Amino acid sequence: MKKIVILVCLLLTVIACKKEQQSTNTLEAKVSELLEKMSLDEKLGQLNLRGTSSRVKGKLSDSLKQAVRDGKIGAFLNVSNTAFVDELQRIAVEESPNKIPLIFARDVIHGYKTLFPIPLGMAASWDAKIAENSSRVAAIEAASFGIRWTFAPMLDIARDSRWGRIAESPGEDPFLASKLSEAYVKGFQGDSLNDPTSLIACAKHFVGYGAAIGGRDYNTVSMNEALLHNVYLPSFKSAVAAGTQTFMTAFNEMNGIPASGDKKMLTEILRHDYGFDGFVVSDWDSVEEMIAHGFAVDDKHAAEISLNAGLNMEMNSKTFEMHAKKLLQEGSITEATIDALVAEILRVKLRMGLFENPYRVDNSDNLYAAAHLQLAKEAVVKSSVLLKNDQNILPLASETNIAVIGPLADKPREQLGTWSFDGDGKYTKTPILAFETENVNYNFVEGLSYSRDKSTQDFSKAVAAAKQADVILFIGGEEAILSGEAHSRAEINLPGAQEQLIKELAKTGKPIVLIIMAGRPITVGNILNDVDAILMTWHPGTMGGPAIHDMIFGKAEPCGRLPVTWPKVAGQSPIYYNHKTTGRPVIPEEFVQMDSIPIGAWQSSLGNTTHYLDIGYLPQYPFGYGLSYTSFEYSNLTLSSNTISENNDITLKVTVKNTGKRTGSDIAQLYVQDVVGRITRPAKELKGYQPVTLKPNEATELTFTLSLEALKYYDNDVVFDVEKGDFNIWVGQNSAAGLMTTIKYE
Ligand code: NOJ
């Protein structure tokens with residue numbers, strides 16, 4: 001019987017492999033057939049992604065239509081006017097020489113119409129399923145407008161909160177980022193690429209963009225191989241494994257080579273090592289920008305570098321279109337190179353089923369569907385991080401008389417955050433709208449009309465309202481425009497006069513609950529002692545208001561945990577938990593604070609460790625941190641064995657108990673430190689996590705498995721291995737807490 005089962009399984013596998021082989025053969029035959037028929041102009045057309053303004057205006061020009069008719073454009077960005085989409089596609093598939101369909105692209109980053117929390121917020125959920133479901137919703141809504149390609153997920157590891165694009169990132173940790181990467185790709189691309197609601201995903205920005213010096217956007221990146229492979233590449237590798245069809249190169253240079261001209265990254269690593277078989281698009285003008293980088297002499301040279309590096313499609317700038325022919329004539333590029341680049345694009349178009357079904361399927365009755373809004377609300381709850389909650393002031397009793405104050409309490413556009421071109425303010429539910437709907441006992445005085453507002457003229461009204469209330473709910477943070485691309489900040493506290501207003505309000509003696517809507521961690525040192533609770537909702541998107549309502553009244557519990565280390569002051573950046581230990585790790589007992597240094601002190605290396613004299617060595621809140629409305633106790637950490645080996649995974653068990661009075665959720669986190677390595681190793685690295693929900697007094701045992709593979713790492717020769725020795729392990733509530741044990745690899 002057993003033998004028969006094995007035989008049937010084998011047979012089924014052979015049939016499946018055969019089928020796959022057949023469809024690959026058919027696809028390759030179609031690609032070759034097309035290539036054979038295509039003129040050089042048409043081939044170059046496929047490499048051309050024509051950018052248009054993100055704001056729809058005017059009408060389609062005759063020259064643009066003619067370019068499509070001549071097969072000189074392969075894809076468009078930002079045409080979200082459906083009439084234009086339909087017309088351009090019709091011209092491509094009916095009138096162009098080989099009837100090759102266009103792909104329409106858009107930055108559908110955290111939703112299309114229904115907007116979810118910004119990606120950094122989604123990362124705080126530590127929940128791959130909700131990330132996947134949110135991108136599925138985004139795909140369904142966007143596809144209705146003909147969009148079949150999104151420039152997401154953004155997978156840049158970000159360790160510096162000054163960087164505006166930290167808002168779009170999956171945070172600072174490669175393990176968490178890789179889980180999210182896979183989830184986003186699955187969600188956007190759906191079960192089948194040729195489903196009309198599937199968007200092809202784009203893993204961006206390849207690579208190192210988040211390591212820009214000083215958090216200044218577009219800035220220089222220096223990177224060693226170990227850091228690149230251990231920290232910055234895993235999220236991209238995971239996108240390839242999940243089947244992403246496209247990649248986007250970054251704006252930055254890394255070690256002197258601009259990403260759009262980096263042959264080693266684009267060809268050796270991405271295609272050869274990772275086996276990526278989709279296509280790579282440049283970022284907006286990034287091919288041409290190699291001139292400003294000082295890497296290309298002129299447009300022609302830039303085209304030569306990028307084409308030979310393995311970049312398939314040029315976004316917006318036209319160096320390929322203008323110069324590829326000449327480069328071919330001169331022999332600086334070969335026709336075989338062009339054919340290979342075109343083939344990679346055609347393959348994706350074929351996989352998408354565009355040749356059979358080029359037109360969009362109108363499912364616009366799905367926009368803002370009730371299920372989408374419900375998911376968006378759930379996402380806000382899952383991603384909001386409770387940072388402070390003195391005397392358990394939250395949740396509030398339902399009859400509490402609240403003074404709602406602050407510039408973001410009723411700003412539909414601002415709460416959507418960066419990359420929310422298509423979200424409609426009129427569908428956005430602000431906290432004030434939610435309070436109104438839910439008959440909350442509140443009085444609203446804005447106090448400041450926008451987040452950067454420095455005017456104090458309405459302070460007295462705000463203070464008067466505060467005096468009448470039981471609790472002040474201050475809803476502030478950053479307007480949407482203060483984070484995102486090119487929007488780095490050197491100071492990252494609450495902008496404008498928000499801190500000043502909070503201080504005035506604090507004088508009333510009323511408790512203050514601060515809700516921060518922002519695109520990055522906001523330094524709160526100046527007002528930390530003035531507020532009783534802090535709830536970080538990031539830019540929460542369409543359903544921010546109802547979710548905030550439910551969280552502050554305890555109908556829901558904020559479940560987020562920080563996906564980035566939260567600094568005390570901007571001057572601590574970059575700051576991240578998985579740093580190296582250094583030769584002089586911090587010894588808390590020896591730390592000397594600046595004010596304790598005697599006047600006229602003789603020069604000495606006071607304290608002797610890696611710290612700042614003024615701010616110390618700790619962040620405000622560590623990576624992985626977040627409070628609940630209840631409390632948890634971790635106990636009884638046990639190991640299946642004290643030694644790990646190639647064939648002997650270790651099982652860790654830990655008991656988690658809800659020691660508070662409410663049902664609540666936590667995320668149990670597993671960290672490892674490789675004590676001695678062939679190159680130095682991080683102080684801690686996340687290797688696993690599990691959500692857990694428990695009733696009061698309920699306890700459960702969680703099980704984690706650790707394999708030797710998970711302990712391996714890359715060195716500077718890009719060798720992936722691990723050597724024998726000790727490993728410290730922690731299981732707990734965040735990167736600065738936990739029960740500790742040690743294992744050995746012998
Ligand atoms: C530039 C940004 O860096 C990239 O992320 C985006 O996808 C493109 N512009 C297109 O809007």
Side-chain angles (χ1 to χ4, degrees), residues 48-56 73-80 103-112 118-120 135 138-139 142 145 147-158 163-170 177 181 184-185 188 199-212 215-221 232 235-236 239 244-254 258-260 262 278-290 292-293 306 311-318 417-423 480-481 483-488 519:
N48 182 5
L49 168 65
R50 184 61 62 88
T52 58
S53 162
S54 50
R55 288 180 210 140
V56 185
I73 296 175
F76 275 97
L77 165 59
N78 284 340
V79 186
S80 60
I103 316 182
F104 294 91
R106 182 93 166 150
D107 289 282
V108 180
I109 308 293
H110 54 110
Y112 185 65
I118 52 166
L120 189 60
S135 45
F145 289 75
I147 297 159
R148 292 293 306 278
W149 182 15
T150 177
F151 293 150
M154 191 272 218
L155 300 173
D156 298 309
I157 295 297
W163 190 42
R165 301 200 81 168
I166 195 170
E168 301 169 48
S169 87
S181 160
Y184 282 129
V185 172
F188 285 127
L199 307 193
I200 49 169
C202 181
K204 73 183 189 184
H205 307 85
F206 198 62
V207 63
Y209 189 30
R216 293 191 285 281
D217 210 357
Y218 314 123
N219 225 283
T220 309
V221 172
Y232 288 88
S235 51
F236 288 99
T244 187
Q245 292 297 299
T246 73
F247 261 67
M248 186 189 292
T249 54
F251 282 125
N252 56 284
E253 67 151 272
M254 185 169 71
S260 296
D262 197 335
F279 68 86
V280 182
V281 64
S282 76
D283 202 341
W284 185 277
D285 285 349
S286 68
V287 174
E288 195 165 51
E289 286 173 11
M290 289 196 295
H293 272 291
S306 291
L311 182 74
N312 303 81
M313 197 182 264
E314 182 176 11
M315 190 196 305
N316 198 54
S317 55
K318 300 193 174 77
T418 186
W419 294 121
S420 52
F421 294 139
D422 303 289
I481 197 66
S483 59
E485 187 181 343
H487 293 132
S488 296

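Remember, it's a predicted structure, so these values are computed and weren't measured experimentally. Atoms within each ligand, like the ligands themselves, are counted from 1 in listed order.
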- [ ] Provide the closest heavy-atom pair for Cys202 versus Thr150 in the form atom of the first, atom of the second, distance.
- [x]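 In this case the closest contact between Cys202 and Thr150 is CB-O, 3.2 Å.
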Open item on the list: Show the nearest heavy-atom pair for residues Trp163 and Ser488, with the distance to one decimal.
Closed with: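 Result for this residue pair: CA-OG, 3.6 Å.
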Task: N/O donor-acceptor pair under 3.5 Å between His487 side chain and Ile481 backbone - done: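 Yes, because the side chain of His487 sits within donor-acceptor range (under 3.5 Å) of the backbone of Ile481.
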- [ ] Answer yes or no: is there a donor N or O on one side and an acceptor on the other, between the side chain of Asn312 and the main chain of Val280, under 3.5 Å?
- [x]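 A pair under 3.5 Å: yes.
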Report, in ascending order of atom number, the atoms of ligand 1 lying under 4.0 Å from any heavy atom of [X].
| X | result |
| --- | --- |
| Phe151 | 7 (O), 10 (C) |
| Arg165 | 2 (C), 3 (O), 4 (C), 5 (O) |
| Phe251 | 1 (C), 3 (O) |
| Asp283 | 1 (C), 2 (C), 3 (O), 4 (C), 6 (C), 8 (C), 9 (N) |

Polar contact flag for [X] and ligand 1 (N/O pairs, less than 3.5 Å):
| X | answer |
| --- | --- |
| Lys204 | yes |
| Glu168 | no |
| Asp107 | yes |
| Trp284 | no |

Task: Heavy-atom check, side chain of Trp149 versus side chain of Leu49, under 4.5 Å - done: yes
Task: Phe151/Trp419 aromatic ring centres below 6.0 Å - done: no
TODO: For Phe247, check ring-ring contact (aromatic ring centres under 6.0 Å, His included) against everything at least two apart and list the hits.
DONE: Phe206, Phe236, Phe276
Open item on the list: Under 4.0 Å, counting heavy atoms only: does Trp419 come that close to any atom of ligand 1?
Closed with: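 Heavy atoms of Trp419 do come under 4.0 Å of ligand 1.
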Task: Sub-4.0 Å heavy-atom contact, Met248 with ligand 1 - done: yes
